[in-house]
Amino acid sequence: MISWYNRIGFRVFLVVLGLNVFLSLGISLGMHVLLRAQYFAQFKESKLALARALARAVDGAAHDRFRSLDSLQDPYYQRLLSYFRGIREQHPEIVYLYSLSYDTEQEVLLYGVDATDVPTDTVWIESEPVSFYINRVTDDSLHLVYNERDQSDSFMALNGARIEYDPGDRLIEIDGVPLLRISQSSPLRLEILAADAKGVQVHAQNRIVSFKENMEFQGGESVEWSLSFSAAGDPGSDPGSEYVDDEESVRLLLEQIQTGNDLVEDQLRVTSYGEYISARAVIRNAGQVSGLLALDISVVAIEEFNRSLAFLSLGVFLVALLLSFALAIFLTRFINRPINALSQAVAAFGRGDLSVPVAWHSPDEFGQLALSMTAMAGSLEAARSHILRINEASRKFVPQDFLHFLNREDLTQIRLGDQVEASLSILFSDIRSFTSISEAMSPEENFRFINDYLKTMGPRIRDHSGFIDKYIGDAIMALFPQAAEDAVASAISMQQAMNHYNESWDVNRFGRLRIGVGIHTGRMMLGIVGEEMRMDSTVISDAVNIAARLESLSKSYGCRILISSVTYNELQPAQREDCRYLGPMPIRGKSSEVQIYEVFSADSDSMRSWKLASRNRFEAAVQAMAEGNNLAAVTLFGALAKEMPADRTINALLARSQA
């Protein structure tokens, strides 16, 4: 007979259990409501902040020029399009990202830059009551898409209209009225069947067409349609094309332009193209509102969070309910022994000893709790191992050396604004003519090549006590905290590695690969910049700019490795032996000049020997040029160039002294 099987014990059990269940339910519901509201508020705030940041980054005057297809050739348009698409890749919840300008004469909204990724030929079919699009998947396969989730031959629009595609006759019909015919699949071409534009073709050369047609779903009224063509790889909408949507949506956009306020919608907006929450910020030109930057954010992310939160709240409630029942049993049975055993196990867990089993065995709830705690210890041990693996992986993204500089053990200790000043050598390297090489490659080949190249160069930096701060495409920025000679030795090793790399490189197709390296030594600030939702490690100093400038100049000087005089002065005599003086280098924004040296240790044996033998005459020519005696410099450089025509640095300096 169990000890609480009497009136008082049973009442205590029911009261304790009832109070705990009530508290657990209230806490679970309160947590659910609070977290849901807080998440949605933070979600909206972050998206509005992103929209504002993007709008502020837009040059309003340049943006107002995007009024025709010619804008596609505008370099600023292409930079803005690439930037917007990069933002979309970083934020997959953003379904549409585009800018609009306001045509004051026609009082309409026009597309500026649309970052929609159009992988195949697509025709957008838009009107105020209903919009959809059709695109080519393969040469013989087409998709009719409505509301992003519907990709079928027939569906019902929001306004009740039936949209159908007949693959046999290749007709697109609305409520049984033929509207368009697919006249060609590859490339995609549509023929208009409407009365006032019958026979007009929509294709790459005839990108935007408007027409009217009477439609039954409008009660027989005329519906104005806008058809726009987007070729594979093009933006979703051409610059200068009219923004088409329902009357209420357009009214709200125009009202926002008039008020000049940034906003994010509080509620879900259902449109022909999907279900979104939009964040919009105004674009200004000379202080005046001239357009909008719009982010259409999929509600899927919010829906997933709400589902997860519901399961979490239910889980919290169920766990609390179980604990309430256990507590009620404890208070009614007055048994301390199982509690002591459980307490000892919890204490061991708190000390980090997850291998201690719970020393309590019984066929009741305490026994089950003991088994659950043992299982929990196993789960915690697995989680701890997983966290250790995550920490190990994180070091591949933020170098451990960087964390040590900030006196931090791991990423969890990093705070925005952490910084420290130190003296380091900084190395910049870059592949010569990489743009032309990458244009000859497919995207897959590009990524495979860059990763293979970086895999080759990374060990050459680490082997000389350096660490990579960041990759900038094919460029590498590395830091060497111990000695300048480490950076120079690493640069030499990188050049030697590139020589070996070229032996297996397809020289006939892409030409011989060359890299330029620039090195400078100085005081710099290392720290964490960004904002709370996105941080990054960085280095801030004039030394960074000088090193980058040296790498850039290595191409015009025809050198493999350029170093500053500060770095040169810190080298050992043996390393200085393979250097020659190139004169002063002006630095943008600086009144003083930087003296630079070429390191030629990685040159061929014959070229290295010749540079050693001719160094005195070479540096005399450099000195003459630096003193403004160009006649003497031309004479000396000319004689050296005749002796060694393959010395690209001499040829570069000769041309400069002749200018």
Side-chain angles (χ1 to χ4, degrees), residues 57 398-399 401-407 414 416-432 457 461 464-492 494 515-531 535-557 559-571 575-576 579-599 622 626 652 656:
V398 179
D401 305 74
F402 207 105
L403 296 179
H404 288 166
F405 268 108
L406 299 177
N407 197 25
I414 284 181
L416 190 64
D418 285 350
Q419 50 82 26
V420 66
E421 184 178 6
S423 179
L424 302 94
S425 293
I426 184 166
L427 177 151
F428 272 91
S429 74
D430 190 32
I431 299 177
R432 296 286 175 252
M457 294 302 165
I461 294 171
H464 294 88
S465 303
F467 64 92
I468 297 171
D469 178 62
K470 59 176 59 68
Y471 298 115
I472 313 169
D474 62 297
I476 299 175
M477 174 181 169
L479 304 176
F480 294 83
Q482 297 186 13
E485 60 191 54
D486 291 335
V488 174
S490 175
I492 295 170
M494 291 170 69
I515 61 172
V517 181
I519 303 173
H520 181 60
T521 303
R523 302 290 294 180
M524 55 194 72
M525 296 295 294
L526 294 86
I528 304 300
V529 297
E531 45 92 16
M535 303 180 190
D536 198 3
S537 60
T538 192
V539 180
I540 301 175
S541 171
D542 284 344
V544 178
N545 300 328
I546 293 174
R549 178 64 174 155
L550 287 171
E551 181 278 315
S552 178
L553 281 177
S554 67
K555 182 177 182 180
S556 58
Y557 275 88
C559 301
R560 291 187 172 195
I561 305 171
L562 277 183
I563 65 174
S564 67
S565 58
V566 179
T567 302
Y568 174 83
N569 292 333
E570 293 195 11
L571 299 181
Q575 280 188 311
R576 294 184 186 179
C579 300
R580 60 181 181 179
Y581 177 61
L582 298 186
M585 176 188 73
I587 299 297
R588 186 180 304 169
K590 293 286 185 180
S591 58
S592 60
E593 297 178 319
V594 175
Q595 309 297 321
I596 62 175
Y597 290 81
E598 175 195 8
V599 179
V622 170
R656 182 172 299 183

[atom2] on [Y] to [atom1] on [X], rounded to 0.5 Å:
X: I561; Y: L427; atom1: CD1; atom2: CG; value: 8.5 Å
X: E570; Y: S564; atom1: CD; atom2: OG; value: 8.5 Å
X: I519; Y: I546; atom1: CD1; atom2: CD1; value: 14.0 Å
X: S423; Y: M524; atom1: OG; atom2: CE; value: 7.0 Å
X: M494; Y: M457; atom1: CE; atom2: CE; value: 5.5 Å
X: Y568; Y: I563; atom1: OH; atom2: CD1; value: 8.0 Å

Query raised in the report: With respect to E551, which candidate in L562, I476, D430 satisfies the side chain to side chain contact (heavy atoms under 4.5 Å, CB included) definition?
Result: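 Only one of L562, I476, D430 forms a side chain to side chain contact (heavy atoms under 4.5 Å, CB included) with E551, namely D430.
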Measure the shortest side-chain to side-chain distance between [X] and [Y] over non-hydrogen atoms and say whether it is less than 4.5 angstrom.
X: F467; Y: L479; answer: yes
X: Y557; Y: I596; answer: yes
X: M477; Y: V544; answer: yes
X: L582; Y: C559; answer: yes
X: I461; Y: F480; answer: yes
X: L550; Y: M585; answer: yes

Grab the two heavy atoms, one from [X] and one from [Y], that are nearest each other, plus how far apart they are.
X: E593; Y: P584; value: OE1-CB, 3.2 Å
X: V622; Y: G583; value: CG1-N, 3.5 Å
X: A484; Y: T567; value: CB-CG2, 3.9 Å
X: A489; Y: H464; value: CB-CD2, 3.5 Å
X: S425; Y: T521; value: OG-OG1, 2.7 Å

Query raised in the report: Under 3.5 Å, is there a donor-acceptor pair between the side chain of R560 and the main chain of S554?
Result: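 No: the side chain of R560 does not pair with the backbone of S554.
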Query raised in the report: Any donor-acceptor pair under 3.5 Å linking the side chain of D486 with the backbone of S465?
Result: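 Side chain of D486 to backbone of S465: no pair is present.
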Report task. Apply salt bridge (charged side-chain N to carboxylate O under 4.0 Å, His left out) to E485 and list each qualifying residue two or more places apart in sequence or on a separate chain. Result ->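 With neighbours one apart ignored, the set is empty.
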Report task. Establish, for the pair R549 and F428, whether the NZ or CZ atom is under 6.0 angstrom from the six-membered ring centre and no further than 45 degrees off its axis. Result ->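 Not satisfied by the 6.0 Å and 45° rule.
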